[in-house]
Amino acid sequence: MKRKSIISILTGTVLLCSMPSCMDLDETVYDKMQADKFGKTDAEINSIIAPIYKTLKKAWPNAYFYMTECSGDMAITPTRLGGDWWDNGAYKDLHMHTWTPNTGTLKDGWNDAMQSVSTCNQVYSIIEASPSMTEEARTRTLAEIRGIRAYWYYMLIDNFGNVPLVTDFSDTELPATKSRKEVYDFVVKELNEIKDKLRDDVTGASYGKFTKGAAYTLLAKMYLNAEVWTGTPNWQGVIDACNEVMKLDYIIEPDWKQSFIVNNQNSKEIILPICFGRADGGNTMHYRTLHYLDPIALGMTVGTWNGVCAQPDYVKAFDDADKRKVGSFLMGEMKDPATGKVLITAHNRPLIHTVDLMLIPGSRDGVWLEVNQEDGARANKWEFEVGLAASDQENDFAIFRLADVYLMKAEALVRAGKDNAEATRLVNIIRARGFGNTDHNYTSVTLDNIRMERKFELAWEMYSRQDNIRFGTFLDARFLKTKSDEYRKLFCIPQDAWQTNNKLVQNPGYPAFAK
């Protein structure tokens, strides 16, 4: 049989590209090379699997960021004076829980996940068939691919619940919807099968890879939400998985900000990052959150979009002594360094980022009112790079980090009625770092203490919706929003997805797809 080159096999997938810059891998771009001669070196293997890691750039801060933070109680993308960010009501629908199968953000989230799963399946088929790799390298590489695919199914389970399950790239049949429980069981099985086949070092060489630490952290996430997703809790599973992560060489960085600085790839708290680099697709949070004039005050020359900000009650819940408040939110006067004076917006108002959003009477529909351009505390968690000019930022995003593992274990211990002293110790480690002292430590923690500590520690990190659902607050009334119906705990399957695959079944509570 005539051999095909790697490139020809992967038609439609940008495969032979460099890995994200933070991984410091060989960036040789190979021309056509025979499949039976490719994959013998680490550099060649990294080139083959690069696309699976690049799929992670679709997770944050894109559709899933808005779906998780703006439907939860953390963030909001208000319509600003003049109509900016109205976008046919897409962000109103996320906040008010009035989304429909035609809401664009949901379409994007669905497509991003499904395309990413397909990429994983495609690359898996290439690695599986390659005759040139050693069995050790093949086993480890296939485990990495399965890990990233499991992550995307975790996202689908969390947000959409009942979804198709596809693992064979050669299968051209339209896949039917599987139940949330079936897909949950698949992900747990996958992670348990690969966890001991992955590398377990916490080094520069493993940074950016799906490792043993990532597998156990994802298992902990699955078990943490098992009661919501399957009806059966597994708190001991959370505790056991977190213990395995805590045996590894990750650390709680003494400086909380270390995981969010521009060059944060050296943080040993980060378990699984999205590796960003200006040359190959960077971190765009600064565009999404900063006012058009904020870059002047921050020493950057980039064109920002003045969008997402924090919900007022979320910011007000922070203690002013907690360093994570100013570390997470950009608030107050924004001054021109050249004059020392507060910048003035296009509406002739001082550029002062207030925590509260001032609703402008008579605007929009009387409920979803416009707010001033400058209103709202902006995302300040990822260090802004002074001197940045017309570019994305390089700060990596931690999908998983050790602080979250501590808080997951603490929550599971309390929910299971076990060892409150250990749960308190874990929460206090995170809390003392946030305050810079032990003055605000607890003597004993409750579930509500842990719920709030997760808010303080994990703002902007795509957990508010999931946490709100698990703690029973997702449907509650809050700023502008009235109490919503139970079925809104799952997003609806997009109309476009059903038009592509009529075997899909709409989630309960939403109108069935029209035949």
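Numbers here are sequence positions counted from 1.
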(message) Does any part of the side chain of Y216, heavy atoms only, come nearer than 4.5 Å to the side chain of L248, both counted from C-beta?
(response) no
(request) Compare all side-chain heavy atoms of P254 with those of R433 and state whether any distance is below 4.5 angstrom. (result) no
(message) Walk me through whether I296 and L343 qualify under side-chain contact (heavy atoms from CB on, under 4.5 Å).
(response) CA-CA 9 Å; I296 296 173; L343 292 159; 4.1 Å; yes
(message) Using the rule given for side-chain contact (heavy atoms from CB on, under 4.5 Å), can you reason through E144 versus I49, listing the C-alpha separation, both sets of side-chain angles and the distance that settles it, and then say yes or no?
(response) CA-CA 9 Å; E144 287 182 50; I49 65 171; 3.6 Å; yes
(message) Could you check whether T98 and D93, counting side-chain N and O atoms only, form a donor-acceptor pair closer than 3.5 Å?
(response) yes
(message) Tell me if the centroids of the rings in F329 and H353 come within less than 6.0 Å of each other.
(response) no
(message) Please check this pair: side chain of R146 against backbone of I194, looking for a donor-acceptor N/O pair closer than 3.5 Å.
(response) no
(request) State, yes or no, whether a side-chain contact exists between I52 and F210 at a heavy-atom distance under 4.5 Å. (result) no
(message) Tell me whether K257 is salt-bridged to E383, with the criterion being a basic N under 4.0 Å from an acidic carboxylate O.
(response) no
(message) Filter on ring pair (Phe, Tyr, Trp, His ring centres under 6.0 Å), then keep only pairs touching residues 408-439, sequence neighbours left out; what's left?
(response) F435-H440
(message) Quick one: does any side-chain atom of H286 pair with a main-chain N or O of S391 as donor and acceptor, under 3.5 Å?
(response) yes
(request) Keeping the roles fixed (side chain from N395, backbone from N264), state whether a donor-acceptor pair exists under 3.5 Å. (result) no
(message) Main chain of M285, side chain of N283: is a donor-acceptor contact present, judged purely on distance under 3.5 Å?
(response) yes
(message) side-chain contact (heavy atoms from CB on, under 4.5 Å), that's the test. Do E453 and Y406 meet it? Break it down for me.
(response) CA-CA 11 Å; E453 200 62 33; Y406 276 39; over 6 Å; no
(request) Ignoring hydrogens and angles, tell me if any N or O in the side chain of Q393 forms a donor-acceptor pair with the backbone of G282 under 3.5 Å. (result) no
(request) Rounded to the nearest 0.5 Å, what's the gap from CD on Q311 to OG on S464? Could you check? (result) 8.0 Å
(message) Is the shortest side-chain heavy-atom distance between M155 and M462 below 4.5 Å?
(response) yes
(request) Test the K221-Y463 pair against the cation-pi criterion, namely NZ or CZ under 6.0 angstrom from the six-membered ring centroid and within 45° of the ring axis. (result) yes
(message) Has R431 got a side-chain atom pairing as donor or acceptor with N441's backbone, closer than 3.5 angstrom?
(response) no
(message) Nearest 0.5 angstrom please: Y53 OH to S116 OG, how far?
(response) 13.5 Å
(request) Drop me the distance from M114's CE to W152's CH2, to the nearest 0.5 angstrom. (result) 11.0 Å
(request) Could you please spell out the steps behind the salt bridge (charged side-chain N to carboxylate O under 4.0 Å, His left out) verdict for K381 and E461? (result) CA-CA 10 Å; K381 201 163 198 175; E461 295 185 53; 2.5 Å; yes
(message) Classify the ring geometry of W305 against W85: parallel below 30°, tilted from 30° to 60°, perpendicular beyond 60°.
(response) tilted
(message) Tell me whether R470 forms a cation-pi arrangement with W229, defined as NZ or CZ under 6.0 Å from the six-membered ring centre and within 45 degrees of its axis.
(response) no
(message) Is a donor from one side chain sitting under 3.5 angstrom from an acceptor on the other, for K489 and N507?
(response) no
(message) Do the side chains of E190 and R149 get close enough for a salt bridge, i.e. N-O under 4.0 angstrom?
(response) yes
(request) Please report the closest heavy-atom contact between E269 and S259, naming both atoms and the distance. (result) CB-OG, 3.7 Å
(message) Checking W368 against T79: is there a side-chain donor and acceptor pair closer than 3.5 Å?
(response) yes
(request) Assess whether side-chain contact (heavy atoms from CB on, under 4.5 Å) is satisfied between E411 and L407, documenting all intermediate values. (result) CA-CA 6 Å; E411 180 182 337; L407 295 175; over 6 Å; no
(message) What's the separation between atom CG in D87 and atom CG in D84, rounded to the nearest 0.5 Å?
(response) 9.5 Å
(message) How close do T211 and I271 get, counting heavy atoms only, and between which atoms?
(response) OG1-O, 4.3 Å
(message) Using a 6.0 Å cut-off, check whether atom NZ of K189 has over 12 heavy atoms from anything other than its own residue.
(response) no
(request) Could you tell me whether the side chains of N428 and T424 share a donor-acceptor contact shorter than 3.5 Å? (result) no
(message) Quick one: does any side-chain atom of T68 pair with a main-chain N or O of F65 as donor and acceptor, under 3.5 Å?
(response) yes
(message) If the threshold is 4.0 Å, N to carboxylate O, is there a salt bridge linking D73 and R478?
(response) no
(request) Please check if any side-chain donor atom of D108 sits under 3.5 Å from a side-chain acceptor atom of T105, or the reverse. (result) no
(request) For residues V245 and G213, report the shortest heavy-atom separation together with the two atoms involved. (result) CG2-O, 3.8 Å
(request) State whether D448 and R451 are salt-bridged, where the test is any N-O pair (Lys NZ or Arg NE/NH1/NH2 against Asp/Glu carboxylate O) under 4.0 Å. (result) yes
(request) Please check if any side-chain donor atom of Q373 sits under 3.5 Å from a side-chain acceptor atom of N306, or the reverse. (result) yes
(message) How about NZ on K178, more than 12 heavy atoms from neighbouring residues, nucleotides or ligands closer than 6.0 Å, or not?
(response) no
(request) Would you indicate whether the side-chain heavy atoms of D255 and I261 approach each other to under 4.5 Å? (result) no
(request) Please confirm whether the backbone N or O of A226 pairs with a side-chain atom of T230, one donor and one acceptor, at under 3.5 Å? (result) yes
(request) Give a yes/no verdict on a cation-pi contact between R415 and F471, requiring under 6.0 Å between NZ or CZ and the six-membered ring centre and an angle within 45° of the axis. (result) yes
(message) Just verifying a value: how many Å separate Q115 CD and T119 OG1, rounded to the nearest 0.5 Å?
(response) 7.5 Å
(request) Taking N162 for its side chain and R180 for its backbone only, find out whether a donor-acceptor pair lies under 3.5 Å. (result) yes
(request) Mind listing the closest non-hydrogen atom pair of E374 and P350 along with its distance? (result) CG-O, 3.8 Å
(message) With a 4.5 Å cut-off on side-chain heavy atoms, are F491 and W110 touching?
(response) no
(message) Give me the atom names and distance for the closest heavy-atom approach of L475 to K481.
(response) O-NZ, 3.0 Å
(message) Under a 4.0 Å threshold between the charged nitrogen and the carboxylate oxygen, would K325 count as salt-bridged to D320?
(response) yes
(request) Flag the pair D404 and R401 as a salt bridge only when some basic side-chain nitrogen lies within less than 4.0 angstrom of an acidic carboxylate oxygen. (result) no
(message) Check the orientation of F400 and Y151. Use parallel for under 30°, tilted for 30 to 60°, and perpendicular for over 60°.
(response) perpendicular
(request) Would you check if there is a donor-acceptor pair between the side chains of Y223 and D240 at a distance under 3.5 Å? (result) no
(message) Strictly distance-based, threshold 3.5 Å: is any side-chain N or O of Y314 a donor or acceptor partner for the main-chain N or O of K455?
(response) yes
(request) Taking atom types as modelled, find out whether Y64 and D158 have a side-chain donor-acceptor pair closer than 3.5 angstrom. (result) no
(request) Hey, could you give me the CZ/CZ distance between F397 and F276, rounded to the nearest 0.5 Å? (result) 8.0 Å
(request) Determine whether V188 and L219 make a side-chain contact, defined as any pair of heavy atoms from C-beta on separated by less than 4.5 Å. (result) yes
(message) A side-chain contact here means heavy atoms from C-beta on lying under 4.5 Å apart; do S328 and M74 qualify?
(response) no
(message) If I compare all heavy atoms of L490 with all of R465, which pair ends up nearest, and what's the gap?
(response) CA-NH2, 4.1 Å
(message) We want to know whether W235 and E227 form a side-chain donor-acceptor pair, criterion being a heavy-atom distance below 3.5 angstrom.
(response) no
